[in-house]
Amino acid sequence: MTLRLHDTATRALRPLEPLQPGRVGVYTCGPTVQARPHVGHLRSAIALDVLHRWLLASGYEVVFVRNVTDVDDKIIHDAAHGDEPWWALATRMERAFTQAYDAVQCLPPTVTPRVTGSIPSITALIERIIDRGHAYASGGDVYLAVRTAEGYGALSGQDPDALRASEKAVAHGHTGEKRDPLDFALWKAAKEGEPSWPSPWGPGRPGWHIECSAMAVDVLGEEFDLHAGGLDLVFPHHENEVAQSRCAGHPFARHWLHHGLVTVAGGGGEKMSKSLGNSTTVEDVLRQVRPQVLRYALGAGHYRSQLEWSPATLGDAEAAYGRIETFVRNATEATRGVQPGESQASWADFAAALDDDLGVPQALAAVHTGVRAGNALLDAGDLPRLAATLADVRRMLAVLALDPVEQWPAGASDLTAVVDALVAIAVEARADARARKDWERADAVRDRLKASGIVLEDTPTGVRWRLS
RNA sequence: GGCCGGGUGGCCGAGUGGCUUAGGCAAGGGCCUGCAAAGCCCUGUACGCGGGUUCGAUUCCCGCCCCGGCCUCCA
């Protein structure tokens, strides 16, 4: 089995063929740490985390790079209007992103390069591009001469002449003179009061796109396996990354993967973004639901699909994930100490689904098939085969970071044992009443527990309780 | 205006030139239960509109309508 992934450059499914067998290098464009993360950012991280985990599960050694853009126009602007230095804002927000990623169990990247830590690589790369005749300095800025970049527009399907005709394509905020409106800044001369670093062209800071080219090549080399990011980055960001990297003589990424965006129901259905003022922060959501439910809500669809965020989204996820959790909990209790018996077939379907462009929805169908089969075995009391099914289901869930046992254990303040003991007293009282066929009294006990949020379930092997 | 992607049963959400036509939620029926809860079984016959290709299209082609992304910072 080989993993096939959609490649933006060819608009087709292509097998992932690593440069070095057994090792995959992935570069993904991380956040600009300007504001708190919203659920769209997390959707991105979760989609790529499934890729990361599936590569690991498939036996690859993975170098997963996710950069942090910690200096840019907006950070400088916001910090200037607030009461803290730009680097303090960036650090504070980077921490918020890290917390959000951790909360939903995204594996940490192998390395997290930052723009402010990569200035020498960036200036060296720009010099190389200038030396090769594809960039020029002007008024302290340096621009890439887009017309000298062979194949410009191929990744995103843009026609340079058509772009030229579109006034919008002209980048803003430059101080030097461009030779062509399509040219974009590799280096921006410092304006009054802005952070800057020394360079051969005077004090300044990197343009938006060059950082990623420099950091990717720093870690992964001049040619690497996969570059990923949101669909909104295809143009101009990724197109420009390709252009400047090729102008530097680097083959760059062999495969391009882009995930769909989160849109907002109601308000016109447009993309969730900070600048449109329609974003829901991760913090807000995690006050409403458990992180595993948010992970399910953002990760259950296909990564290339658009995900519409609506008031129903979290409720739907709670219900769907709840079914899985219920099975894992019930089966775990029932099979405690039982050796797994005959193995089930779900894993093969699951693996085939993920190998086919990370088909998470179909992979989840395999999980649910396992859950249904497992519930039937639970009813039948076939514990050895139930144990095998449970192991299978949990193995699948682990790849999606949705295993209720391993990945989302109860916290340190867990009072399960205490409640267990207390509920036992009530259950005994109810059992006495039931033995006398005093249904009224028995139901009263159950109703009182329910009012406190504890649901009792009678099973062939005894009474179990759960929080409603 | 240019370049992409999409419109699937009550809802979410896969997928395919015909075959048992995912999965979840919700709904109805049944089983289990003292009653519940949880679970299992069964049921619904959907693919925006109009043409075309085809023995046959939801799936391919053309046109139209609608929605989203990019062309400006953006996951």
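Lettering of chains follows the sequences in order, A, B, ..., and the numbering in each one begins at 1.
- Paired regions of RNA chain B, where each region holds three or more successive Watson-Crick or G-U pairs whose two hydrogen-bonding distances fall under 3.5 Å, are B:1-7 with B:65-71, B:10-12 with B:23-25, B:27-31 with B:39-43, B:48-52 with B:60-64.
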Between the protein and nucleotides 36-38 of chain B, list the N/O to N/O atom pairs that are separated by less than 3.5 angstrom.
{"residue": "B:A36", "atom": "N1", "partner": "A:D458", "partner atom": "N", "Å": "3.0"}
{"residue": "B:A36", "atom": "N1", "partner": "A:D458", "partner atom": "OD2", "Å": "3.4"}
{"residue": "B:A36", "atom": "N3", "partner": "A:R446", "partner atom": "NH1", "Å": "3.0"}
{"residue": "B:A37", "atom": "O2'", "partner": "A:E457", "partner atom": "OE2", "Å": "3.3"}
{"residue": "B:A37", "atom": "O2'", "partner": "A:R466", "partner atom": "NH2", "Å": "3.2"}
{"residue": "B:A37", "atom": "N1", "partner": "A:D458", "partner atom": "O", "Å": "3.2"}
{"residue": "B:A38", "atom": "O4'", "partner": "A:E457", "partner atom": "OE2", "Å": "3.4"}

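- A gap of 12 Å separates the P atoms of B:C11 and B:C47, to the nearest Å.
- A:F224 and A:F252 have their aromatic ring centers within a separation under 6.0 angstrom.
- In this model, the phosphate group of B:A14 is approached by a side-chain N or O of A:S305 to a distance below 4.0 Å at OP1 or OP2.
- Look at A:E194 and A:K188 and you find no salt bridge, because none of the NZ, NE, NH1 or NH2 atoms lies under 4.0 Å from a carboxylate O.
- When the nearest nucleotides of RNA chain B are assigned to A:S273 and A:A300 by heavy-atom distance, the more 5′-ward of the two goes with A:A300.
- Other residues, nucleotides and ligands contribute at most 12 non-hydrogen atoms within 6.0 Å of the CH2 atom of A:W87.
- Comparing B:A14 with B:U21, their C1' atoms sit 12 Å apart, to the nearest whole Å.
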Output one line per pair: protein atom, nucleotide atom from nucleotides 17-22 of chain B, and distance, for all N/O pairs under 3.5 Å.
none

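- With A:W86 contributing its side chain and A:K74 its backbone, the two residues share no donor-acceptor pair below 3.5 Å.
- Annotation: B:C40 and B:G24 have their P atoms spaced 9 Å apart (nearest Å).
- In summary, the side chains of A:S213 and A:S245 do present a donor paired with an acceptor at a separation below 3.5 Å, with no hydrogens or angles considered.
- Separating the P atom of B:C32 from that of B:C12 is a span of 36 Å, rounded to the nearest Å.
- At a cut-off of 3.5 Å, with distance as the only test, no side-chain donor of A:Y27 or A:D225 sits close to an acceptor on the other residue.
- Between A:W54 and A:F350, the angle of the ring planes goes over 60°, which puts this pair in the perpendicular group of the 30/60° scheme.
- Rounded to the nearest Å, the gap between the P atom of B:G18 and that of B:C31 is 38 Å.
- Contact between A:A103 and A:L286 at its shortest, heavy atoms only, is CB-CD1, 3.9 Å.
- Ion pairing of A:R466 with A:E457 is present here, as a side-chain N (NZ or NE/NH1/NH2) and a carboxylate O approach within less than 4.0 Å.
- Looking only at distances, a side-chain donor or acceptor of A:R295 sits under 3.5 Å from a matching main-chain atom of A:L400.
- Backbone-only engagement by A:L233 is indicated by non-hydrogen atom pairs under 4.0 Å involving sugar-phosphate atoms exclusively.
- Figure legend: cation-pi geometry between A:R290 and A:Y321 absent, as NZ or CZ is not positioned both under 6.0 Å from the six-membered ring centre and within 45° of its axis.
- Scanning residues 431-444 of chain A for heavy-atom distances under 4.0 Å to RNA chain B yields A:R434, A:W439, A:D443.
- Taking A:D70 as the reference, A:T116 meet the side chain to side chain donor-acceptor pair (under 3.5 Å) condition, with sequence neighbours excluded.
- Of the residues A:R430, A:R446, A:R464, the one that meets the side-chain hydrogen bond (donor to acceptor under 3.5 Å, both in side chains) test with A:D458 is A:R430.
- Among the heavy atoms of the strands, none lies under 4.0 Å from A:V367.
- Using cut-offs of 30° and 60° for the angle between ring planes, the A:H41 and A:F97 rings count as perpendicular.
- B:U54 and B:G6 are spaced 26 Å apart, taking the C1' atom of each and rounding to whole Å.
- Comparing B:U53 with B:C62, their C1' atoms sit 11 Å apart, to the nearest whole Å.
- For the C1' atom pair drawn from B:C19 and B:U45, the interatomic distance equals 16 Å after rounding to whole Å.
- For the pair A:Q34 and A:K274, the tightest heavy-atom approach, listed with the atom from each and the gap, is NE2-NZ, 4.4 Å.
- Using a cut-off of 4.0 Å between Lys/Arg side-chain N and Asp/Glu carboxylate O, A:D49 and A:R53 are scored as salt-bridged.
- In this structure, A:L400 places its CG atom 14 Å from C1' of B:G23, rounding to the nearest Å.
- Along RNA chain B, the nucleotide nearest to A:H259 and the one nearest to A:Y303 differ in position, and the one closer to the 5' end is contacted by A:Y303.
- Within residues 25-44 of chain A, the residues having any heavy atom under 4.0 Å from RNA chain B are, by residue number, A:C29, A:G30, A:P31, A:T32, A:H38, A:G40, A:H41, A:S44.
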